[in-house]
Amino acid sequence: MKKILIFLFFALCLRDGLSQVSVGLKVGTGISELEADDSMVIAGGILSQKVSGQDGKLRIVAVVLEKKPVKLAIVECDILMIDRQRLDPVMAEIEKSTGIPATNVLISCTHTHHAPSTIKVHDYCPDEVFTRRVQCGIVEAVQKANTNLSMEDCAFKLFLGKEETVGRNSRWLLPDGQINWISPANEFVRATGPFDPELPVFTFSDSAGKLLALIFNHSTHNIGSRQRGTRSPGFYGLAAQEIEAELNCPVCFLKGASGSTHNIALSGNECTQRIKEAVLDANNHTQERVVNRLAVIKRPFKFKVRQFDETTEDEAVRRYDRSNNDVVRVFRDMRKMLAPQCGQERETWLQVVLIGDVAIVGVPGELFTQLGLDIKNLSPFRYTYIAELANDYIGYLPDLTGFKLGGYQVWTGYHSYVEPGTGERIVDEIVAMLKELAGGDPF
């Protein structure tokens, strides 16, 4: 009789469109808005620049999940990037104030090229006032999410959508053998790498089907806004905010492996609209996933600052753009600062978060798309996705083919300083961590 009643309950849930909750899974969300003004230097270009006004909000969005005994936090920041020097104290404060272990906190940047600077790169340094606001905003958003943790169990759903037009591989081979950077040149030979169009959408809802949180992931550079010359979360952030208003639930965006992708052919307005439509469509097709556990592995990873030849590096920059002496100067200055550091060993973080059978991989730089696909293809989990610029920033992470071809992404500077082979080693370590999780609970 008991089995019959259970069967009838789930049949009614399916008939009425109610969610089948994952027993013990709780979710909470928190949002903090970042204040900025026209006096702040904007990160994302080579040369220092300022803008006037703002298009959309700059935000921190946090999603806290709990399935005892594990609690974790996933956080996105509408900034270009930020390093562990600034983030490690933030994670320690989160652990102190919420009880969520620092190892269980993933902080990823959306890589908007339209927000004030939070890092030393190219021709500018961090805006200390804004950077401090980002640090405080992260803590505040996680604290809110932890406080807002749902009392009842929630359902976890997934649909693997696709958006093939917003991004493309931007490292095109030119007739003279160089690799295109971002110019609108028409004479391309071929793309030198792939573009990943996958657009997974994860949702959390209560037993009545009400959305409590939505997370989506896509892989291209977040350049472009509705209004040019303003501060903006970029087209991904703008899309997230419009989706949030339409669905009446917090929306979090995680940027995938996009160190080699950017579409300069579409306006920010068009990108915003296409991403919004793709996410909303995917949301209409999400299906239940059983969450039998939450698990996290976060480990240190050591790498070295590359050795480089000054003459060769200088010629690569000058050959690409002989008309802009300011750009040449910026790269020369960065190399002068890096030269004494060549060969030094550094340490960063790699992280894997498991929600049932869905894996989110935190990588601390701009990972080339091919390396992201390698992780996906080698992972023991069918649903594996990259969250780059997570927990630290160590520059572009090219594959060995990318290093051989050259181009802006591998020119030496604070934007690109790891030695060749670092990307492949990261793939190997991440895959080993995923396999460890597949073998059982690491706690």
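Hydrogens, waters and symmetry mates play no part in the numbers below; they use all other heavy atoms, side chains included. FYI, the numbering just counts along the sequence from 1. Just so it is clear, the model here is predicted, and its values are computed rather than measured.
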(request) Without swapping roles, check the side chain of Asp78 against the backbone of Arg59 for a donor-acceptor pair under 3.5 Å. (result) yes
(request) Could you verify whether a donor N or O on one side chain and an acceptor N or O on the other, from Ser258 and Glu388, lie under 3.5 Å apart? (result) yes
(message) What I want to check is whether the side chains of Asn217 and Tyr236 have a donor and an acceptor closer together than 3.5 Å.
(response) no
(message) Less than 6.0 angstrom separating the ring centers of Phe331 and His415, yes or no?
(response) yes
(message) Quick test of your reading: applying ring pair (Phe, Tyr, Trp, His ring centres under 6.0 Å), list the pairs with at least one residue in residues 37-60, sequence neighbours left out, ordered by first then second residue.
(response) none
(message) If only side-chain N and O atoms count, and only distance matters, is there a donor-acceptor pair under 3.5 Å linking Thr165 with Glu163?
(response) yes
(message) Can you classify the ring geometry of Trp411 versus Tyr320 as parallel (below 30°), tilted (30 to 60°) or perpendicular (above 60°)?
(response) perpendicular
(message) As a test of understanding, state which of Glu366, His262, His113 forms a side-chain hydrogen bond (donor to acceptor under 3.5 Å, both in side chains) with His221.
(response) Glu366
(request) Can you sort out the partners of Ser416 under side chain to side chain contact (heavy atoms under 4.5 Å, CB included), two or more places apart, ordered by chain and number? (result) Arg306, Tyr396
(message) Would you call the rings of Tyr417 and Phe303 parallel, tilted or perpendicular, taking 30° and 60° as the class edges?
(response) tilted
For residues 399-409, which side-chain donor-acceptor pairs fall under 3.5 Å, sequence neighbours excluded?
{"unit_1": "Asp399", "atom_1": "OD1", "unit_2": "Gly402", "atom_2": "N", "d": "2.8"}
{"unit_1": "Tyr408", "atom_1": "OH", "unit_2": "His122", "atom_2": "NE2", "d": "2.9"}
{"unit_1": "Gln409", "atom_1": "OE1", "unit_2": "Arg171", "atom_2": "NH1", "d": "2.9"}

(request) State, without any angle test, whether Asp123 and Ser48 hold a side-chain donor-acceptor pair at a distance under 3.5 Å. (result) no
(request) Would you confirm whether Asn222, through its side chain, and Pro233, through its main-chain N or O, come within 3.5 Å as a donor-acceptor pair? (result) yes
(request) Kindly compute the distance separating CG (Asn391) from CE (Met91), expressed to the nearest 0.5 Å. (result) 4.0 Å
(message) Test your reading of the model: is there a side-chain donor-acceptor pair from Asn377 to the backbone of Leu373, 3.5 Å cut-off?
(response) yes
